[in-house]
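Okay, so here's the structure we're looking at.
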Amino acid sequence: MKMSEKLVRAREYEKSNIVETIDGRPLFHVTGAVGWINDPNGFGMYKGEYHLFYQYHPYSNQWGPMHWGHVKSDDFVKWTRLPVAMAPDEKYDSVGCFSGSSLELSDGRHLLIYTGVSKRVDAEGKEHEYQQQCVAIGDGVDYEKVACNPVISTEMLPPGGNTTDFRDPKIWKEGNCYYVAVANRAADGCGQILLYESEDAVSYRLKGVVDQSAGQLGRMWECPDYFALGDKKILIISPQEMTGDGMEIHPGNNSLFVVGEAPDWIDFKRESMQQIDYGMDFYAPQTMRTADGRRMMIAWMQSWDTCHYASNEYNYYGEMTFPRELICENGEVRQQPAREIEKYYGDRVEYKGVEIKDEISLLDVEGRAFDMTVCVSDMKSDSVFEIKLAKDDEHEVSVEFDCRKHIIKLNRTRDGITADILAMREFPAELINGRLKLRLLMDRHSLELFVNEGRRVATMKIFAPVEAAGITFSATKPVVLELVKYDLEEKLK
Ligand code: FRU
């Protein structure tokens, strides 16, 4: 394969600048080799392994002309780095290779579909950005962009479809047909998801509109995903410029599960909607199906509103969430961390029937990389229970359950943050049979919190130095606590 100068340069730059041993690097979350990353791309199986690509600007810790970085894994926990897969080296993607997805073709080749962004001058001499869908085919390491790119051009938009906001193709195959869902801005300026179909994965026709915001769910929708789960169809969207709505929708960028029916994939009938993640640092999720039939989801562990904070700390910036398994029961989507994490469990600590009131720590319950499940019972309806993590004299982050209002509050005000970025967020949580179950997955600079078997999930980045490893528990009125904690440092270091 002949490689472009831009791709050669990016691959070489990455090789000579990577430092894997930086202390702050997470142990089991994907980061870029060097420079900036955002959305996960092309998450899927290829030749029996899990491949993940990502939006990548290797040359600085800021967003820039997008490349596709690349890693693979056989268990979602340990990832192997592969060379940069794509650089913005063609006329149709000279501004960037934006987000997209992947598929293993039946002849054994690996197909990537992505958004090529370019600039064109219109009849009045004004320069505009154009977004079109493009394909590259490869062998799991090297990829060649096809000669017929763009495969879904701006000409193939429905009337009124915006040519600048037309991106993030998600491909899947059903029977002999390839489907691609693409985000677009409709004539009213709001998001819509378009569906294209093809027999050969390179020549497409428009099938129809899946769903539209029509002014109800924010403006542009980004990063669609669309799949069957249980007996429902789930449409994932990441709407921008949303107005806040109680604790369910926060202002700005959100990522939502839209649950519904669509026998033929188009004309989606919405039945309900769920916030995917109530934390501060989550956006642009994407899913894949494993060989054993699990639907796995991964996301960018960041949001566009806070994504520049602390970007100067190391020579890399940004990370992905840990992959989550999704299930849908009675129309409700639940998330759990990929079960493969259990292979890496180290020391186990267990406590049963501990009465908690004044702030205490428990012997051997500390650290910055662990999987810990805490069950709280016997809670008085007017009391508040709190866990503090990443704690030393100067730092802490807190997870608080307020039984008076049935609310969980994440608070990183005392996490060492020195800019006015979002430091607190609240979301609803219920006691189930009088108990609250919290699963806390921490990996040095992040916490993913799974509430009541993943009915609600919240993700936040943690900025306190890794030496701040204390954990305490307290309650305004006595509660009973059970706890199981597995260390994740030992086997993953
Ligand atoms: C979402 C997004 C995508 C786009 C990519 C560019 O975070 O804005 O819509 O393809 O990032 O990096």
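Remember, it's 1-based here, ligands and their atoms both numbered in the order they're listed.
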Aromatic centroids of [Y] and [X] separated by under 6.0 Å:
X      : Y     : value
Tyr143 : Trp68 : no
His110 : His51 : yes
Tyr56  : Trp36 : no

Fill in: CG/Asp200: more than 12 non-hydrogen atoms of other groups inside 6.0 Å
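Result for CG/Asp200: enclosed.
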
Whether over 12 other heavy atoms sit under 6.0 Å from Arg25 CZ: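 Counting neighbours around CZ of Arg25, more than 12 heavy atoms of other residues, nucleotides or ligands fall under 6.0 Å, so yes.
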
Of all the atoms in ligand 1, which lie at a distance below 4.0 Å from a heavy atom belonging to [X]?
X      : result
Met66  : 12 (O)
Trp63  : 6 (C), 12 (O)
Trp304 : 1 (C), 7 (O), 11 (O)
Tyr283 : 1 (C), 7 (O)
Asp168 : 3 (C), 4 (C), 9 (O), 10 (O)
Gln55  : 5 (C), 6 (C), 12 (O)
Ser99  : 5 (C), 10 (O)

Pick from Tyr226, Tyr178, Tyr196: which one makes a ring-ring contact (aromatic ring centres under 6.0 Å, His included) with Trp172?
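Between Trp172 and the candidates, ring-ring contact (aromatic ring centres under 6.0 Å, His included) is satisfied uniquely by Tyr226.
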
**Prompt:** Can you tell me the protein heavy atom closest to atom 8 (O) of ligand 1 and the distance?
**Reply:**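 Of every protein heavy atom, Glu222 OE2, 2.7 Å lies nearest to atom 8 (O) of ligand 1.
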
(request) May I ask you to check whether Asp39 has an N/O atom sitting below 3.5 Å from an N/O atom of ligand 1? (result)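 Between Asp39 and ligand 1 (N or O atoms, distance only) the closest approach is under 3.5 Å.
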
| field | Arg167 N/O under 3.5 Å from ligand 1 N/O | value |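 Yes, since at least one N or O of Arg167 sits under 3.5 Å from an N or O of ligand 1.
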
- Task: Only pairs at least two apart or in different chains count here, so list each ring-ring contact (aromatic ring centres under 6.0 Å, His included) that has a residue in residues 84-108.
- Result: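 Every pair satisfying ring-ring contact (aromatic ring centres under 6.0 Å, His included) with a residue in residues 84-108: Trp63-Phe98.
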
Item to check | Region of Thr115 engaging ligand 1 - heavy atom pairs below 4.0 Å | outcome: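 None of Thr115 does.
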
**Report entry** Distance-only donor-acceptor check, side chains Arg270 and Gln216, under 3.5 Å
**Finding:**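 Judged by distance alone, the side chains do pair up.
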
